[in-house]
Amino acid sequence: MDLKYIRNFSIIAHIDHGKSTLADRMLEITHTIEARKMRAQFLDSMELERERGITIKMQPVRMEFSPNSPKPGLGEFPLSQASGKEETYVLNLIDTPGHIDFSYEVSRALKAVEGSILLVDATQGVQAQTLTTLEMAKESGLVIIPVLSKVDSPLARVEEIKMEVAVLLDIDPDSILEVSGKTGYGVENLLEEIIKQVPPPLFFEEVKDSAQALVFDFKYDSHRGVIVYVRLFDGSIKKGDNLIFSVSGEKFIALEVGIFSPEENPKPSINTGEIGYIVTGIKKPGIASVGDTITFNKKPLPALPGYMNPKPVVWASVYPEDADDFPNLKLALGRLKLSDSAFSYEEESSGTLGKGFRCGFLGMLHLEIITERLKREFNLHLVVTMPSITYKVILRNNKEQIIYSPHFFPDDSQIIKIYEPWVSINIITPQIYTSVLMPFLFDHEAEVHTTDNFGDNRSVIHLDMPLRELMRNFFDDLKSITSGYASISYEIGEYREADVVRLDILVADEPMMAFCRVVSRRKVEEEARAQVDRLKKVISRQQFAFKIQGKALGRIIASESVSAFRKDVLMHGSKVVGGGDVSRKKKLLEKQKRGKARMKENAKVNITQDVFLKMMRTGDN
């Protein structure tokens with residue numbers, strides 16, 4: 001197809017700003033989906049996406065659109081030929097996740113397009129996550145088309161939000177488009193503006209017998225193996241071609257190629273400038289990765305720049321509630337790894353929880369998605385330990401250790417220095433909440449740099465904070481303090497020196513690995529007390545008394561006793577044993593006391609899976 005009739009674009013939007021609804025109207029207007037098959041949030045194919053109202057998995061779609069009223073002289077990229085004949089344009093939309101956990105994947109998807117719609121809710125204004133993705137689009141050199149959504153809402157503040165966007169982009173407010181994804185108002189005009197403003201793919205040179213395709217996403221099919229989503233920058237790929245991944249070096253034969261409409265639609269070939277898919281037949285994990293380049297095996301072209309191997313920043317252990325489900329959990333993790341190269345796992349075992357896996361995630365949302373998919377898609381009942389981060393520890397022998405799990409954290413006496421990752425954060429909030437947020441940010445060890453006005457009586461707060469503190473219930477508390485009006489975005493930054501210690505929870509003098517955590521030195525006593533009190537409330541009493549203790553810095557800093565069940569040995573049925581003889585009663589009580597002492601010497605506290613679940617769900621992390 002002639003490149004001048006192709007437009008590749010994405011939509012930048014904060015959660016709940018109407019991105020999926022706008023995409024639905026585009027699909028209807030371009031007749032990509034038959035009316036009888038249309039449903040809300042059509043491109044969000046996962047049940048979890050629909051429930052949460054967020055995009056988790058990228059979904060490309062190819063639409064064909066012929067402008068209803070072609071007009072001459074609409075700019076560098078005309079809607080029609082000089083003859084006035086209507087032409088059909090191919091519009092390739094990549095619906096991307098907006099959350100910072102998937103920023104690398106989003107950056108690769110933005111490299112696959114030439115333009116992006118900046119969609120802002122006319123009732124809410126610009127939010128923090130929108131700013132982050134907008135910067136990524138600018139860095140990629142994309143044409144930005146500003147659009148206001150939900151303009152038909154009674155709560156819409158169209159003129160105010162237009163000024164906000166105009167200041168952000170340094171443009172004329174009148175150039176900002178208005179749409180309603182609910183009614184379809186302005187959507188057809190937006191499609192015409194995409195054709196006008198977004199440039200067609202560049203043509204470099206004719207490439208024969210080779211190709212250069214950017215992998216911006218992939219999925220796994222149990223019958224066909226890994227299916228990669230690609231943007232062709234040079235050449236052409238057809239069924240039967242011998243191809244190779246530039247980074248992993250894996251060779252394969254294209255079993256099928258095609259486009260998204262939005263279902264997979266096989267085609268003879270996909271060509272320069274087009275977005276499509278390739279069925280690889282590969283069924284090994286770790287081969288396909290976002291950002292890799294696919295080219296011909298015999299005549300390879302250079303890999304496209306910008307590839308990065310995403311590294312996990314959050315770690316948590318996952319165990320099956322039923323030990324018999326361990327093989328099923330292992331199989332499920334392997335299946336998820338085939339479609340998510342950023343997810344990692346390795347086998348581990350715990351004396352109390354049995355065999356499980358230590359898993360690495362891109363962030364807290366990534367962790368939630370993976371664990372929820374394990375439960376829904378594979379019907380697994382899991383125990384997930386408190387998430388932790390990666391620490392760099394310098395020991396007294398000058399050796400450096402990378403610590404992924406709190407229970408591997410060395411004793412304080414062995415450590416010279418500790419380094420932890422920090423994050424750079426932007427918080428957008430109504431100005432009335434700025435003063436009450438400051439003590440909250442200080443409590444989370446934040447370094448506040450600047451506070452700027454952001455229009456509409458809102459402020460943007462720029463700060464740095466330990467990633468450890470971001471995981472300490474930060475999001476929920478922030479929403480609570482600001483009555484749900486604040487929005488947040490963050491980027492992983494550099495490692496800084498940390499003043500943290502390991503906190504162990506002991507039950508009957510036995511350390512519980514699942515409850516171990518790394519906490520700030522200045523809060524260690526507070527954290528120890530909170531953990532001990534919480535565990536005392538949920539743990540079951542035993543036949544003997546035992547203690548729950550919090551230990552850090554080589555000493556016990558919090559302790560609670562759990563009393564034993566006591567059977568009244570002086571009663572037998574409804575009669576008192578031994579009549580009224582005091583000596584007989586004393587003998588029975590002493591015998592019971594000696595029996596409980598012997599039991600305590602050899603017995604272990606039985607901690608049910610329910611206790612672990614309650615501790616994980618109610619923990620600060």
Side-chain angles (χ1 to χ4, degrees), residues 9-23 53-55 95-100 102-103 106-107 110 115-140 142-153 155-181 186 190 193 197 423-434 437 448-463 475 478-479 482-491:
F9 70 102
S10 65
I11 304 177
I12 298 171
H14 190 75
I15 293 171
D16 198 34
H17 276 213
K19 180 174 65 170
S20 296
T21 310
L22 174 60
I54 60 175
T55 300
D95 190 19
T96 61
H99 198 276
I100 192 63
F102 309 107
S103 60
V106 173
S107 73
L110 293 179
S116 193
I117 296 171
L118 174 63
L119 190 66
V120 178
D121 190 330
T123 67
Q124 299 183 46
V126 176
Q127 301 292 303
Q129 192 57 57
T130 311
L131 295 178
T132 301
T133 316
L134 174 60
E135 286 303 311
M136 294 168 57
K138 288 180 176 179
E139 291 174 3
S140 298
L142 303 187
V143 170
I144 308 296
I145 303 177
V147 179
L148 255 60
S149 66
K150 305 183 184 179
V151 295
D152 57 337
S153 169
L155 302 177
R157 296 172 288 117
V158 175
E159 297 307 319
E160 293 178 34
I161 304 304
K162 271 191 175 183
M163 287 302 301
E164 191 174 288
V165 176
V167 171
L168 177 66
L169 298 178
D170 191 21
I171 59 174
D172 183 351
D174 293 335
S175 67
I176 300 172
L177 304 179
E178 301 176 16
V179 301
S180 168
L190 172 58
E193 288 297 322
Q197 298 186 38
V423 290
S424 296
I425 298 177
N426 291 324
I427 298 174
I428 296 180
T429 180
Q431 291 178 355
I432 59 173
Y433 297 110
T434 303
L437 273 178
V448 177
H449 299 302
T450 58
T451 301
D452 303 321
N453 292 330
F454 195 70
D456 190 29
N457 293 318
R458 293 194 296 166
S459 297
V460 54
I461 305 173
H462 306 280
L463 59 102
F475 295 103
L478 176 69
K479 289 293 184 182
T482 62
S483 302
Y485 285 108
S487 63
I488 178 175
S489 67
Y490 67 91
E491 294 181 2

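In this chain, numbering begins with 1 at the start of the sequence shown.
Checked against K19 for a side chain to side chain contact (heavy atoms under 4.5 Å, CB included), the options I12, D95, D121 give a single hit: D95.
Pairs passing the salt bridge (Lys or Arg N to Asp or Glu O under 4.0 Å) check and including a residue from residues 155-168, sequence neighbours excluded, read R157-E160, R157-D456, K162-E178, E164-R458.
Atoms OG1 and CD, from T130 and Q124 in turn, are 9.0 Å apart once rounded to the nearest 0.5 Å. Atom CG of L478 sits about 6.0 Å away from atom CG of L437, to the nearest 0.5 Å. Taking CD1 of I427 as the start and OH of Y433 as the end, the distance is 14.5 Å to the nearest 0.5 Å. The OG1 atom of T482 sits 12.0 Å away from the CD1 atom of I428 when rounded to the nearest 0.5 Å. Considering OG1 of T429 and CD1 of I488, their distance stands at 11.0 Å, rounded to 0.5 Å. The structure places CG of L177 at 12.0 Å from OG of S149, a figure rounded to the nearest 0.5 Å.
Not counting sequence neighbours, the partners of I171 by the side-chain contact (heavy atoms from CB on, under 4.5 Å) test are P146, A166, L169, S175, I176.
Side-chain contact check for E491 and N426: no donor-acceptor pair (N or O, by modelled atom type) lies under 3.5 Å.
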Review point. Do L190 and I145 pass the side chain to side chain contact (heavy atoms under 4.5 Å, CB included) test, and can you show the C-alpha distance, the side-chain angles, and the key distance before you say yes or no?
Key: CA-CA 9 Å; L190 172 58; I145 303 177; 4.2 Å; yes
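Between the side chain of S459 and the backbone N or O of Q431 there is no donor-acceptor pair closer than 3.5 Å. Formation of a donor-acceptor pair under 3.5 Å by the S140 side chain with backbone atoms of L142 is not found in this model.
Among all heavy-atom pairs drawn from G125 and V120, the shortest one is C-CG1, 3.5 Å. T133 and V106 make their closest contact through CG2-CG1, 4.2 Å (heavy atoms, listed as atom of the first residue, atom of the second, distance). Across every non-hydrogen atom of M163 and P173, the tightest pair is SD-CG, 3.5 Å.
Ring orientation note: the planes of Y490 and F475 are tilted relative to one another, at an angle of 30° to 60°.
Looking only at side-chain heavy atoms (C-beta outward), L134 and L168 come within less than 4.5 Å of each other.
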